[in-house]
Protein chains: 2
Amino acid sequence: MEQVVARQGEGRRVRIYDIARHAGVSATTVSAMLTGKRPVSAATRERIERSIATLGYRANASAKALAHGRTDSIALLIPPAGRSLSAFEVDFIARVVQQARASDYDVLVSTSLEEEKVFARLVEEERVDGIILLEVCFEDRRVERLVESGTPFVAVGRTADPRQISWVDIDFSSLVRSFVRHLRDLRHEDLVLVNTPRPLYDRGYGPARRAQSGFLDACEEFGVRGRVVYCDANPEAGFRVTSEILADDPSFTGLVVMNDYAIGGIYQALTLGGRRIPHDTSIISLADARWADALSPRLTAAPQPVDEMAVTAVRLLTAKLADPALPPEGHLILPPVTLRESTAAAPIRVAARAPERPR
Amino acid sequence: MEQVVARQGEGRRVRIYDIARHAGVSATTVSAMLTGKRPVSAATRERIERSIATLGYRANASAKALAHGRTDSIALLIPPAGRSLSAFEVDFIARVVQQARASDYDVLVSTSLEEEKVFARLVEEERVDGIILLEVCFEDRRVERLVESGTPFVAVGRTADPRQISWVDIDFSSLVRSFVRHLRDLRHEDLVLVNTPRPLYDRGYGPARRAQSGFLDACEEFGVRGRVVYCDANPEAGFRVTSEILADDPSFTGLVVMNDYAIGGIYQALTLGGRRIPHDTSIISLADARWADALSPRLTAAPQPVDEMAVTAVRLLTAKLADPALPPEGHLILPPVTLRESTAAAPIRVAARAPERPR
DNA sequence: CTGTTAGCGCCTTCAC
DNA sequence: GTGAAGGCGCTAACAG
């Protein structure tokens, strides 16, 4: 009774038996035709198709899942890095959803931080066939649990030792190195890395860790001074942190920013502090194009390789679902950083110029 | 065989029968205890709970759905308004996911534009119990189909005649009226509405339609000149459109913008055109706080009422799922527009000042 | 090529 | 308070 009430619009739903009866065949044959798992004569096919067209039929997903042992759904686990999702995370969701649909998977999105509950519901209740896990840290309990349970998954980001798992990650280290080199080429000699919030770094958040080590190494390699500050993910924090370094030690002329939401505040503090971007101070970041373009002057930015990340993640996962014996695979992605003055259509916006003050 | 291979980590999954055997009761009793649908003696309860704790058990979602007739999932249908999701849409996803989880629902996200396929998969295959539909237009085929099929749903946005459906919407008309009044109070006498892309308007996109009529009515009411331009959802288009009106008829001093992604370009064109925001030109918009804060100077903005929209949408839907007989309900939300000079913590940022040039 | 039989794992009668 | 039987709708294994 309850099911019937739930769908008040039509009477009862059309089931595979209705089609079978209407077409004068058995349910098995209908199923066989639909799944294509065994040959069906042209004549029967014709009749079944006509019946389906007449009555309107779609196999019930729950029944299919129960019988077939797969839900044709995957889950996307995104614990929000900040208070809300970053532009990257957003685009990533959209792209994964799109890509998954192309492989005939639905996507269940979870942004919860309560790993236990999410895990129980999605994995233990077998709501999904596989998982894409975001914001993976050096030591990540979620990864451990997924490995234990044998659930197919792909990590976006890496653990400290990712050899046993499939992952996709950005090569933050090389990327930041190219940022530093670029700023050095513009004759900057004193740089600041505005990193993610401190707690994220401490938690072993990959981008924060790898960007920082890449930055410090590159500064040494290229013979420029480099220091690191941490900053909460909001404009107010960006303003505060930047004001502080302007007050404490204003010798810097270039900033590398790993913190999208702080950038607005950083701009404001610099401007109020008498800096003129890009004439005496340069900012460069891995950022969403929408941010980079909305800022004035435009931010020097490497575009987030969202598409490649998302497509690769889905591809790795669906491959593993199709063949669970597949060995784990890691993909390191370096955004195409061709740092140069560019038009709006080009991948990189360069607002940075040579510093004037250091002279 | 295949199912077993799919979960390589552990042997076979623990099922309700395993618990029953382990506890020395029948599966019926275990189920009864878990669903709480009939009394179970304290002693049996104890034993079952111990067995569950020992073996680890969670009811399989597909089997439950098949037997019980509900999936405990809802779908969020977001056709991207522009090339990618807007900040509002993003936050909306996150908030809906969170809120749905609080009511014990999972959320399937779809960003596909191919309504037919999405509809077939989610509704006809009964993957979800209900739907939240975004970007609803005046005439919306998706709404018609959902009504026909009797699927419980909530529209975010309204059709031209929304009396038969449940919906949540922003009161764009009143909102834009308050924008116009604010600009008039700042002594602006010549305004431009930079609206959504023309195709969206033509398609009967509610925010575009209602903002525009609200704008034109308000201009008449407050005795200021007002014209409307359409603009694609990207900075380049914003730049182009603004440059054009600066060239054609530069008498305007205030802009009302209904197009997040264009704002960066609008700022740039105005600046290049010699305008100084906010000294001689004011911009006001319904925008994400992250945008408003990232711009320099900060944008005058009413915050997107994301939370209220999302929470209301989920509430309406879950209520309807619990009791399908519930009558449809509409909610019109007016963002709290207390337009004033503000600090960073206040809901509204006012960068706008009285125009100087009109003097 | 097709139909019959037997589950998938759970919930829901109906008996006791 | 508890158990046995049947069904949700579909697919897989086994016969023909």
Side-chain angles (χ1 to χ4, degrees), chain A residues 1-7 12-48 51-52 55-72 121 124-127 129, chain B residues 1-7 12-48 51-52 55-72 121 124-127 129:
Chain A
M1 189 60 187
E2 219 173 277
Q3 300 95 303
V4 176
V5 173
R7 7 213 79 283
R12 244 182 71 267
R13 292 238 147 200
V14 176
R15 299 307 181 191
I16 197 169
Y17 280 102
D18 303 319
I19 300 296
R21 199 177 318 126
H22 185 97
V25 295
S26 77
T28 309
T29 306
V30 178
S31 171
M33 196 207 93
L34 256 19
T35 58
K37 290 203 174 170
R38 78 186 202 189
V40 174
S41 77
T44 5
R45 168 179 303 276
E46 175 91 1
R47 297 225 311 291
I48 295 175
S51 300
I52 290 180
L55 300 181
Y57 169 72
R58 279 241 144 200
N60 174 289
S62 302
K64 206 155 61 172
L66 182 57
H68 190 240
R70 22 169 74 237
T71 61
D72 295 329
R121 195 167 167 99
E124 295 178 356
E125 293 183 5
E126 297 165 274
R127 275 171 200 277
D129 299 334
Chain B
M1 191 62 189
E2 217 174 276
Q3 297 97 303
V4 176
V5 174
R7 3 213 82 281
R12 245 184 67 267
R13 293 238 145 200
V14 176
R15 300 306 181 192
I16 198 169
Y17 280 100
D18 304 317
I19 300 297
R21 200 177 316 126
H22 186 96
V25 296
S26 76
T28 308
T29 307
V30 179
S31 170
M33 196 207 92
L34 255 19
T35 57
K37 290 202 175 169
R38 80 186 201 190
V40 174
S41 77
T44 350
R45 169 178 303 276
E46 175 92 1
R47 298 223 312 290
I48 295 176
S51 300
I52 290 180
L55 300 181
Y57 169 71
R58 279 241 144 200
N60 174 288
S62 302
K64 204 156 60 173
L66 182 58
H68 190 242
R70 25 170 71 239
T71 61
D72 294 331
R121 194 167 168 98
E124 296 177 356
E125 293 183 6
E126 298 166 271
R127 276 172 199 276
D129 299 335

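Order of the sequence lines fixes the chain letters, A, B, ..., with proteins taken first and strands second; residue numbering starts at 1 for each chain. None of these values were measured; they are calculated from a predicted model. Both backbone and side-chain heavy atoms feed into the values below; hydrogens, waters and symmetry mates do not.
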Worksheet entry | Below 4.0 Å: OP1/OP2 of D:dC10 and any side-chain N or O of A:Tyr57 | yes

Please list, for nucleotides 14-16 of chain C, all pairs of protein and nucleotide N/O atoms separated by less than 3.5 Å.
none

Practice prompt. Mind calculating the distance between CD (A:Glu125) and C1' (C:dG9) to the nearest angstrom?
Written response: 13 Å

Discussion item. When you compare the side chain of A:Leu55 with that of A:Arg15, does any pair of heavy atoms fall below 4.5 Å?
Written reply: no

Worksheet item: OP1, OP2 of C:dT12 versus side-chain N and O of B:Lys37: anything below 4.0 Å?
Response: yes

Worksheet item: When the distance from CZ of B:Arg58 to C1' of C:dC11 is rounded to whole Å, what number comes out?
Response: 17 Å

Worksheet item: Base, sugar-phosphate, or nothing: which does A:Thr35 touch, judged by heavy atoms less than 4.0 Å apart?
Response: sugar-phosphate

Worksheet, complete the sentence: Of the listed C:dC1, C:dG9, D:dA4, the closest approach to the A:Thr44 side chain comes from C:dC1

Discussion item. Categorize A:Thr28 for me: base, sugar-phosphate, or nothing, with a 4.0 angstrom heavy-atom threshold over every strand shown.
Written reply: base

Discussion item. Measuring from atom CD1 of B:Ile16 to atom NZ of B:Lys64, what distance do you get when rounded to the nearest 0.5 angstrom?
Written reply: 10.0 Å

Worksheet item: Closest to the B:Pro39 side chain: D:dG9, D:dG1, C:dC10?
Response: D:dG1

Practice prompt. Using a 4.0 Å heavy-atom cut-off across all strands, classify B:Ser41 as base, sugar-phosphate, or nothing.
Written response: sugar-phosphate

Practice prompt. Could you state the atom-to-atom distance from CZ of A:Arg70 to C1' of D:dA12 in whole Å?
Written response: 15 Å

Discussion item. Measure CD1/B:Ile48 against C1'/D:dG3 and give the value in whole Å, please.
Written reply: 12 Å

Discussion item. Let's go through B:Leu34 and B:Tyr57 carefully: what are the C-alpha distance in whole Å and the side-chain angles of both, what is the deciding distance for side-chain contact (heavy atoms from CB on, under 4.5 Å) to 0.1 Å, and is it a yes or a no?
Written reply: CA-CA 11 Å; B:Leu34 255 19; B:Tyr57 169 71; 3.6 Å; yes

Item to complete: To the nearest Å, give me how far apart CZ (B:Arg21) and P (C:dC10) are.
Response: 12 Å

Worksheet item: Expressed in angstrom and rounded to an integer, what is the separation of A:Leu66 atom CG from D:dG9 atom P?
Response: 12 Å

Worksheet entry | Phosphate OP1/OP2 of D:dA12 contacted by A:His68 side-chain N/O (<4.0 Å) | yes

Worksheet item: Among B:Glu124, B:Glu125, B:Glu126, whose side chain to side chain contact (heavy atoms under 4.5 Å, CB included) with A:Asn60 holds?
Response: B:Glu126

Discussion item. Nearest to the side chain of B:Ser31, heavy atoms from C-beta on, is which of C:dC11, C:dG9, C:dG7?
Written reply: C:dC11

Item to complete: Apply side-chain contact (heavy atoms from CB on, under 4.5 Å) to the pair B:Val25 and B:Arg47, showing each step before the final yes or no.
Response: CA-CA 9 Å; B:Val25 296; B:Arg47 298 223 312 290; 3.7 Å; yes

Worksheet item: In whole angstroms, how far is the C1' atom of C:dG9 from the NZ atom of B:Lys64?
Response: 11 Å

Discussion item. Measuring from atom CZ of A:Arg38 to atom OG1 of A:Thr29, what distance do you get when rounded to the nearest 0.5 angstrom?
Written reply: 5.5 Å

Practice prompt. Starting at atom CG of B:Asp72, determine the distance to atom C1' of C:dG9, rounded to an integer number of angstrom.
Written response: 16 Å

Practice prompt. Specify the residue among A:Tyr17 and A:Val25 whose closest nucleotide of DNA chain C lies further upstream toward the 5′ end.
Written response: A:Val25

Worksheet entry | Stepwise side chain to side chain donor-acceptor pair (under 3.5 Å) check, B:Thr44 with B:Ser41 | CA-CA 5 Å; B:Thr44 350; B:Ser41 77; 2.3 Å; yes

Discussion item. Contact between B:Arg21 and B:Asp18 at the side-chain level, heavy atoms closer than 4.5 Å - yes or no?
Written reply: yes

